[in-house]
Amino acid sequence: MENHMKEKTCMVTGATSGIGLATAQALAQQGATVIVVGRNPEKGATTVARIRQETGNPSVEFMLADLSVQAEIRHLAREFQSRYSRLDVLVNNAGGFFLKRQLSADGIEMTLALNYLNFFLPTHLLLDTLKASAPARIVNVSSTVHKNAQIDFENLQRERKYSGIGAYGQSKLAVVLFTYELARRLEGTQVTVNALHPGFVATNIATNNGWPFKLFVPLGRFIALSPKKGAQTSIYLASSPEVAGVTGKYFDKKKAAPLTAAPYDQAVAQRLWEISVKMTGL
Ligand SMILES: NC(=O)c1ccc[n+]([C@@H]2O[C@H](COP(=O)([O-])OP(=O)(O)OC[C@H]3O[C@@H](n4cnc5c(N)ncnc54)[C@H](OP(=O)(O)O)[C@@H]3O)[C@@H](O)[C@H]2O)c1
């Protein structure tokens, strides 16, 4: 175990698998206290035991929440704040792909609920703790697919003409817009927020969608990055001194990438923000 992140407390959502697991492992390796957030208690316990054993860092804990459910996100934030006094790094990572339209327990289209509102709500609930721990960092895992996506305000929850990739792209664009807007609103607080594309990574993503995906995903492993490689930009943004103070950027392969037109649209970002506040009851 190294000491680089000693004294830092980091929360990684969706850290029981894939990119989130590799991110949590690396932060624990760097000496941080790491909170692994996931929806499955058995997987959580196994993950924590594995990270502790592999890194020699005992300060790794599991917190349970189905992050598509707003009441569980609120409970998570309350529980975290009752147990920890600081939060230096929040990695919003948990996400999924849904081939068929489905609704969350709150009646919200699942992709929007899990991939976007699950970043928006916990960030807000934990913002005071992040500000009090500043300099602090928020890292939002997006995807390159956001570049071909649109926020369809007339059909935000895709009641009409649902497509899994359309809903996924929109959710990842929402994450980028949220990142830019939040960076503007956090100016002067020493809390930074950046978004990233991890690359095409061999993980469990999309395997919840039946046999074509179960078949495709193992085949993809031949060309995709390993989770360890796919987590590099998340780890970099969470812990590297090189990006201390850098905010409001979208990173790919550890480099701030040129911005596409859509996320620059502040009017769209603000409209989405207002809708998100209403959808999360903030
Ligand atoms: N893989 C890629 O090529 C790629 C490319 C671009 C962006 N991304 C993004 O990277 C992030 C991580 O995905 P991944 O590829 O590492 O996929 P993954 O292996 O499926 O990991 C997703 C993580 O999110 C958790 N999760 C899913 N639904 C949840 C819920 N309702 N409540 C709590 N946790 C939940 C999963 O928990 P369980 O372990 O219980 O399933 C798992 O820990 C996602 O935001 C994804 O959109 C991935």
Side-chain angles (χ1 to χ4, degrees), residues 11-25 35-48 50-51 62-73 75-76 91-98 102-106 108-122 139-149 164-165 167-176 178-179 195-209 213-214 216-221 223-235 237 250-253 257:
M11 177 186 281
V12 184
T13 71
T16 49
S17 164
I19 297 160
L21 169 59
T23 305
Q25 255 166 339
I35 318 303
V36 166
V37 180
R39 60 181 163 172
N40 179 326
E42 287 79 31
K43 252 182 143 174
T46 314
T47 303
V48 164
R50 178 178 161 186
I51 298 177
F62 178 67
M63 292 183 83
L64 180 67
D66 180 332
L67 296 163
S68 68
V69 183
Q70 294 187 5
E72 296 206 19
I73 294 175
H75 180 265
L76 169 73
V91 183
N92 287 311
N93 166 82
F97 174 82
F98 302 93
Q102 52 183 280
L103 298 183
S104 72
D106 301 312
I108 298 171
E109 189 280 310
M110 185 59 99
T111 323
L112 194 72
L114 180 63
N115 292 6
Y116 168 59
L117 294 174
N118 156 49
F119 287 23
F120 189 86
L121 182 56
V139 178
N140 290 332
V141 180
S142 178
S143 166
T144 191
V145 300
H146 85 270
K147 292 178 185 167
N148 299 318
I165 191 65
Y168 186 80
Q170 175 179 258
S171 72
K172 293 302 186 184
L173 174 57
V175 167
V176 176
F178 166 53
T179 302
L196 70 107
H197 172 56
F200 174 46
V201 191
T203 66
N204 289 333
I205 197 152
T207 50
N208 53 306
N209 293 291
F213 285 86
K214 286 213 168 84
F216 173 74
V217 170
L219 288 176
R221 291 187 203 278
I223 48 166
L225 299 173
S226 67
K228 199 174 169 185
K229 286 199 175 135
Q232 289 308 307
T233 305
S234 298
I235 299 161
L237 289 173
Y250 169 81
F251 282 76
D252 192 351
K253 298 191 185 81

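Just so you know, ligand 1 is whichever comes first in the structure, and atom 1 is the first atom listed for that ligand.
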Visitor: If I take atom CG from residue Leu225 and atom CD from residue Gln232, how far apart are they, to the nearest 0.5 angstrom?
Guide: 9.5 Å
Visitor: Taking the side chain from Asn93 and the backbone from Thr13, do they hold a donor-acceptor pair closer than 3.5 Å?
Guide: yes
Visitor: Quick test: of every protein heavy atom, which one is nearest to atom 32 (N) of ligand 1, and how far off is it to 0.1 Å?
Guide: Leu67 N, 2.8 Å
Visitor: Answer yes or no for Ala206: is there a heavy-atom contact with ligand 1 below 4.0 Å?
Guide: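 False for this residue.
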Visitor: So which of Ala105, Ala65, Ser17, Gly14 gets nearest to atom 19 (O) of ligand 1, if we judge by its closest heavy atom?
Guide: Ser17
Visitor: What is the distance from atom CG of Leu121 to atom CD1 of Ile73, rounded to the nearest 0.5 Å?
Guide: 5.0 Å
Visitor: Under 4.0 Å from a heavy atom of Asp66: which atoms of ligand 1 are those, numbered in the order shown and with their elements?
Guide: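 With Asp66 as reference, the close atoms of ligand 1 come out as 30 (C), 31 (N), 32 (N).
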Visitor: Quick one: nearest non-hydrogen protein atom to atom 40 (O) of ligand 1, plus distance?
Guide: Arg39 NE, 3.0 Å
Visitor: Heavy-atom distance to atom 44 (C) of ligand 1: which of Ile19, Asn92, Asn93 wins?
Guide: Asn93
Visitor: Over 60° means perpendicular and under 30° means parallel, so classify the ring planes of Phe120 and Phe178, tilted if in between.
Guide: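 Taking Phe120 first and then Phe178, their aromatic rings sit tilted (interplane angle of 30° to 60°).
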Visitor: Can you list the atoms of ligand 1 that are under 4.0 Å from a heavy atom of Gly18?
Guide: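 It comes down to these atoms of ligand 1: 16 (O), 19 (O).
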Visitor: Could you name the option among Phe200, Phe97, Tyr168 that has the heavy atom nearest to atom 47 (O) of ligand 1?
Guide: Tyr168
